[in-house]
K.L.:
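Right, I'll just put the structure down here and ask away after.
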Amino acid sequence: MVNFSLTGKVALVTGAAHGIGFSMAEALGEAGAKVVFNSRNQEHVDKALAAFKEKGIEAHGFVCDVNDEAQVKAMIEKIEQEVGTVDILVNNAGIIRRIPMHEMELEEFRLVVDTDLTAPFIVSKAVIPGMIRKGHGKIINICSMMSELGRETVSAYAAAKGGLKMLTRNIASEYGEYNIQCNGIGPGYIATSQTAPLREPQPDGSRHPFDSFIVSKTPAARWGTPEDLKGPVVFLASDASNFVNGHILYVDGGILAYIGKQPK
Ligand code: NAP
Ligand code: GCO
């Protein structure tokens, strides 16, 4: 029987106090993993711990900024002492800034690239030695449609998520011999706080133009939900995907396959 069970595994999901990360952490917990997550904010950690407890999921939360290597190293050491060596890492923490490139401050560009690309390097580097010692590991990087496509105002985000696709492939290449698989998940347009500005109703109550645009570009004719990511993350975290390596699994309702609905 195909093994999707994560019983006995320690799964770290970064930035999982809410949104896509929380939903993926919930799925990993439901599949049997001990869930570990971080946020920059103690209040967010506490709220998420209460939510996991309510769902009967064993979770451990830490305050940690993934851009700070010292904080990340300290968090991984605490996880190894209190929970166990990390078997599964989901690099989910991420930000976006929607600003025309010629108006974007250098510091803003760098913050997005640091958070969405450099931080996955920092956290992956911190957990790989333990995975090598254990003889197995799963690293799952949360990419994006913008790992493949560009659009106005998201230059830093697209550059970072494009780079994250190639970091995924390089980790897969460099550590496959240690039985570590590194893959990506590329969510389409998902209804979370990150995309809330793109779905806000107009002053006259009509749909946001971008909202209608995305629905017309998606064969599934809807926005995705964080729950749509639960099955894909369990698959890539489990032994069922042990020969899948360096792959970006797009969970996008078909956007990347579709030219878009013809205007009536
Ligand atoms: P979200 O609701 O804004 O969640 C992002 C999470 O990242 C927050 O929990 C935040 O935690 C955490 N975070 C940000 N910077 C951090 C840092 N420096 N250190 C630690 N945690 C940090 O967004 P989401 O939509 O769930 O996105 C989650 C991931 O999916 C991101 O990588 C995003 O790029 C990607 N994605 C989203 C979509 C979409 O349509 N929503 C599509 C494709 C990819 P705190 O604020 O609590 O610290
Ligand atoms: C945007 C959106 C997208 C989504 C996601 C798509 O402004 O275009 O925020 O970037 O968040 O990354 O896969």
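One-based numbering, in listed order, for ligands and for the atoms of each. Because the structure is a prediction, the values reported are computed rather than measured. Note: hydrogens, waters and symmetry copies are ignored here, and every other heavy atom, side chains too, is used.
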K.L.:
Suppose I only count heavy atoms of Met146 and a 4.0 Å limit; which atoms of ligand 2 are within that range?
P.N.:
10 (O)
K.L.:
Around atom 40 (O) of ligand 1, find the nearest protein heavy atom and jot down its residue, atom name and distance.
P.N.:
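That would be Ile190 N, 2.8 Å.
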K.L.:
Does CD in Glu54 sit with more than 12 non-hydrogen atoms of other residues, nucleotides or ligands closer than 6.0 Å?
P.N.:
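Atom CD in Glu54 is not packed in, count stays at 12 or less.
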K.L.:
At their closest point, which heavy atom of Asp204 faces which heavy atom of Ser206, and how far apart are they?
P.N.:
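Scanning both residues, the minimum pair turns out to be OD1-OG, 2.6 Å.
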K.L.:
Are Ile88 and Val2 joined in one hydrophobic group, where the rule is that I, L, V, M, F, W and Y side chains link up if heavy atoms are under 4.5 Å apart?
P.N.:
yes
K.L.:
To the nearest 0.5 Å, tell me how far Ile76 CD1 sits from Gln81 CD.
P.N.:
11.5 Å
K.L.:
Given Leu229, Val90, Asn92, Ile20, which has its nearest heavy atom closest to atom 32 (O) of ligand 1?
P.N.:
Asn92
K.L.:
Can you list the ligand 2 atoms lying under 4.0 Å from a non-hydrogen atom of Arg151?
P.N.:
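Taking each heavy atom of Arg151 in turn, ligand 2 has 1 (C), 7 (O), 8 (O) under 4.0 Å.
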K.L.:
Please list, in number order, the atoms of ligand 1 under 4.0 Å from a heavy atom of Asp65.
P.N.:
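Counting from 1, the qualifying ligand atoms are 17 (C), 18 (N), 19 (N).
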K.L.:
Could you measure the distance from the OH atom of Tyr189 to the CD1 atom of Ile214? Nearest 0.5 Å is fine.
P.N.:
4.5 Å
K.L.:
Check the angle between the aromatic planes of Phe22 and Phe52 and answer parallel, tilted or perpendicular using the 30° and 60° thresholds.
P.N.:
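Parallel.
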K.L.:
How close do Tyr258 and Ser216 get, counting heavy atoms only, and between which atoms?
P.N.:
CE2-O, 3.4 Å
K.L.:
Only heavy atoms of Ser144, strictly under 4.0 Å: list the atoms of ligand 2 that pass.
P.N.:
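The list of qualifying atoms is 5 (C), 6 (C), 12 (O), 13 (O).
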K.L.:
Identify the closest protein heavy atom to atom 12 (C) of ligand 1: which residue and atom is it, and at what distance?
P.N.:
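Nearest protein contact, heavy atoms only, for atom 12 (C) of ligand 1 is Gly15 CA, 3.7 Å.
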K.L.:
Hey, is Lys161 touching ligand 1 through its side chain, its backbone, both or neither, going by heavy atoms under 4.0 Å?
P.N.:
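For Lys161, only side-chain atoms sit under 4.0 Å from ligand 1.
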K.L.:
Does Thr192 approach ligand 1 within less than 4.0 angstrom via side chain, backbone, both or neither, non-hydrogen atoms only?
P.N.:
side chain
K.L.:
Can you pull out the closest protein heavy atom to atom 30 (O) of ligand 1? Residue, atom name and distance to 0.1 Å, please.
P.N.:
Ile142 CG2, 3.4 Å
K.L.:
Could you tell me whether Asn38 approaches ligand 1 through its side chain, its backbone, both or neither, with non-hydrogen atoms closer than 4.0 Å?
P.N.:
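The part of Asn38 near ligand 1 is the side chain, not the backbone.
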K.L.:
Is there a polar contact between ligand 1 and Ser144, counting only N or O atoms under 3.5 Å apart?
P.N.:
no
K.L.:
Would you kindly specify which portion of Arg40 sits under 4.0 Å from ligand 1, judged on non-hydrogen atoms: side chain, backbone, both or neither?
P.N.:
both
K.L.:
Which atoms of ligand 1 are found less than 4.0 Å from any heavy atom of Thr195?
P.N.:
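The list of qualifying atoms is 39 (C), 40 (O), 41 (N).
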K.L.:
Geometry only, no angles: is Pro187 polar-contacting ligand 2 at N/O separations under 3.5 Å?
P.N.:
yes
K.L.:
Under a 4.0 Å heavy-atom limit, does Cys143 contact ligand 1 with its side chain, its backbone, both, or neither?
P.N.:
backbone
K.L.:
What is the minimum heavy-atom distance between Glu80 and Thr85, and which atoms define it?
P.N.:
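Closest approach of Glu80 to Thr85: CG-CA, 4.0 Å.
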K.L.:
With heavy-atom distances below 4.0 Å as the criterion, list the atoms of ligand 2 near Met145.
P.N.:
6 (C), 13 (O)
K.L.:
Please work out whether any backbone atom (N, CA, C, O) or any side-chain heavy atom from C-beta onward of Leu198 is under 4.0 Å from ligand 2, and answer side chain, backbone, both or neither.
P.N.:
side chain
K.L.:
In terms of residue, atom name and distance, what is the protein heavy atom nearest to atom 19 (N) of ligand 1?
P.N.:
Val66 N, 3.1 Å
K.L.:
Of all the atoms in ligand 1, which lie at a distance below 4.0 Å from a heavy atom belonging to Asn67?
P.N.:
18 (N)
K.L.:
Quick one: look up the protein heavy atom nearest atom 9 (O) of ligand 2 and list residue, atom name and how far away it is.
P.N.:
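Checked against all protein heavy atoms, atom 9 (O) of ligand 2 sits closest to Arg98 NH2, 2.7 Å.
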K.L.:
With nothing but distance in play, are any N or O atoms of Phe210 less than 3.5 Å from an N or O of ligand 2?
P.N.:
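There is no such contact.
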K.L.:
Go through the steps to decide whether Leu256 and Glu148 satisfy the test side chain to side chain contact (heavy atoms under 4.5 Å, CB included), and finish with yes or no.
P.N.:
CA-CA 9 Å; Leu256 284 177; Glu148 302 293 343; 4.1 Å; yes
K.L.:
Can you confirm whether Gln202 is buried at CD, in the sense that more than 12 heavy atoms of other residues, nucleotides or ligands lie under 6.0 Å from that atom?
P.N.:
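Enclosed: over 12 neighbouring heavy atoms sit under 6.0 Å from CD of Gln202.
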K.L.:
State the atoms of ligand 2, each with its element, that fall below the 4.0 Å cut-off from a heavy-atom position in Gly188.
P.N.:
5 (C), 6 (C), 13 (O)
K.L.:
Return the closest protein heavy atom for atom 33 (C) of ligand 1 as residue, atom name and distance.
P.N.:
Gln194 NE2, 3.5 Å
K.L.:
For atom 4 (O) of ligand 1, which protein heavy atom lies nearest, and how many Å away is it?
P.N.:
His18 CE1, 3.7 Å
K.L.:
Give the atom numbers and elements of ligand 2 that come within less than 4.0 Å of a heavy atom of Gln194.
P.N.:
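Here the atoms of ligand 2 in question are 4 (C), 9 (O), 11 (O).
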K.L.:
Pull out every atom of ligand 2 sitting under 4.0 Å from any heavy atom of Ile96, numbered as shown with elements.
P.N.:
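Near Ile96, the atoms of ligand 2 are 7 (O), 9 (O), 10 (O).
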K.L.:
Nearest protein heavy atom to atom 2 (C) of ligand 2, by residue and atom, and its distance?
P.N.:
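Ranking protein heavy atoms by distance from atom 2 (C) of ligand 2, first comes Tyr189 CE2, 3.4 Å.
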K.L.:
Is Thr153 reaching over with its side chain to a backbone N or O of Arg98, donor-acceptor style, under 3.5 angstrom?
P.N.:
no
K.L.:
Any link between Val154 and Met104 through a network of hydrophobic side chains (Ile, Leu, Val, Met, Phe, Trp, Tyr) touching at under 4.5 Å?
P.N.:
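Different hydrophobic clusters.
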K.L.:
For atom 34 (O) of ligand 1, grab the closest protein heavy atom and report residue, atom and distance to one decimal in Å.
P.N.:
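Atom 34 (O) of ligand 1 sits closest to the protein heavy atom Tyr157 OH, 2.7 Å.
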K.L.:
Is the shortest distance from a Lys or Arg side-chain nitrogen in Arg207 or Asp211 to a carboxylate oxygen in the other one below 4.0 Å?
P.N.:
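The answer is yes: the pair qualifies as a salt bridge.
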K.L.:
Determine whether a donor-acceptor pair (N or O, by modelled atom type, separation under 3.5 Å) exists between the side chain of Lys138 and the backbone of Ser238.
P.N.:
yes
K.L.:
Spell out, as yes or no, whether a donor-acceptor pair under 3.5 Å connects the side chain of Asn245 to the backbone of Ala172.
P.N.:
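Judged by distance alone, yes, a pair lies under 3.5 Å.
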K.L.:
Judged by atom type as modelled, is there a donor-acceptor pair below 3.5 Å linking the side chain of Ser241 to the main-chain atoms of Phe235?
P.N.:
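Side chain of Ser241 to backbone of Phe235, a donor-acceptor pair under 3.5 Å: yes, one is there.
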K.L.:
Checking contacts here: is it the side chain or the backbone of Cys64 that comes within 4.0 Å of ligand 1, counting heavy atoms only? Could be both or neither.
P.N.:
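Only the backbone of Cys64 comes within reach of ligand 1.
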K.L.:
Please compare Gly94, Ser147, Gly19 and report which has the shortest non-hydrogen distance to atom 5 (C) of ligand 1.
P.N.:
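Nearest option to atom 5 (C) of ligand 1, by heavy atoms: Gly94.
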K.L.:
Can you list the atoms of ligand 2 that are under 4.0 Å from a heavy atom of Tyr157?
P.N.:
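So the atoms of ligand 2 that pass are 5 (C), 10 (O), 11 (O), 12 (O).
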K.L.:
Below 4.0 Å, non-hydrogen atoms only: which portion of Ile95 touches ligand 1? Side chain, backbone, both or neither.
P.N.:
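The side chain, only.
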K.L.:
Looking only at N/O atoms, are Thr195 and ligand 2 under 3.5 Å apart anywhere?
P.N.:
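No, Thr195 has no N/O under 3.5 Å of an N/O on ligand 2.
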K.L.:
So if I count the atoms of ligand 1 from 1 in the order they appear, which ones are less than 4.0 Å from some heavy atom of Gly188?
P.N.:
40 (O), 42 (C), 43 (C)
K.L.:
Considering the heavy atoms of Ser39, write down every atom of ligand 1 situated less than 4.0 Å from one of them.
P.N.:
45 (P), 47 (O), 48 (O)
K.L.:
Looking only at protein heavy atoms, which one is nearest to atom 3 (O) of ligand 1, and how far off is it?
P.N.:
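Among all protein heavy atoms, the one nearest atom 3 (O) of ligand 1 is Ser193 OG, 3.5 Å.
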K.L.:
Using 30° and 60° as the class boundaries, would you call the ring planes of Phe210 and His208 parallel, tilted or perpendicular?
P.N.:
perpendicular
K.L.:
Ignoring hydrogens, what is the shortest heavy-atom contact between Cys64 and Asn38? Give both atom names and the distance.
P.N.:
O-ND2, 2.9 Å
K.L.:
Please round to the nearest 0.5 Å and tell me the distance separating atom CD1 of Ile142 and atom CG of Asn92.
P.N.:
5.5 Å
K.L.:
Side chain or backbone of Thr115 under 4.0 Å from ligand 1, or both, or neither, by non-hydrogen atoms?
P.N.:
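Near ligand 1, Thr115 shows its side chain, while the N, CA, C and O stay back.
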K.L.:
Enumerate the atoms of ligand 1 whose separation from the nearest heavy atom of Tyr189 is less than 4.0 angstrom.
P.N.:
40 (O)
K.L.:
Looking at every heavy atom in both Lys134 and Asp87, which two are closest together, and how far apart are they?
P.N.:
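Between these two residues, the closest heavy atoms are NZ-OD1, 2.7 Å.
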K.L.:
Identify whether Met146 and Phe213 are in the same connected component of the hydrophobic contact network (ILVMFWY, side-chain heavy atoms under 4.5 Å).
P.N.:
yes
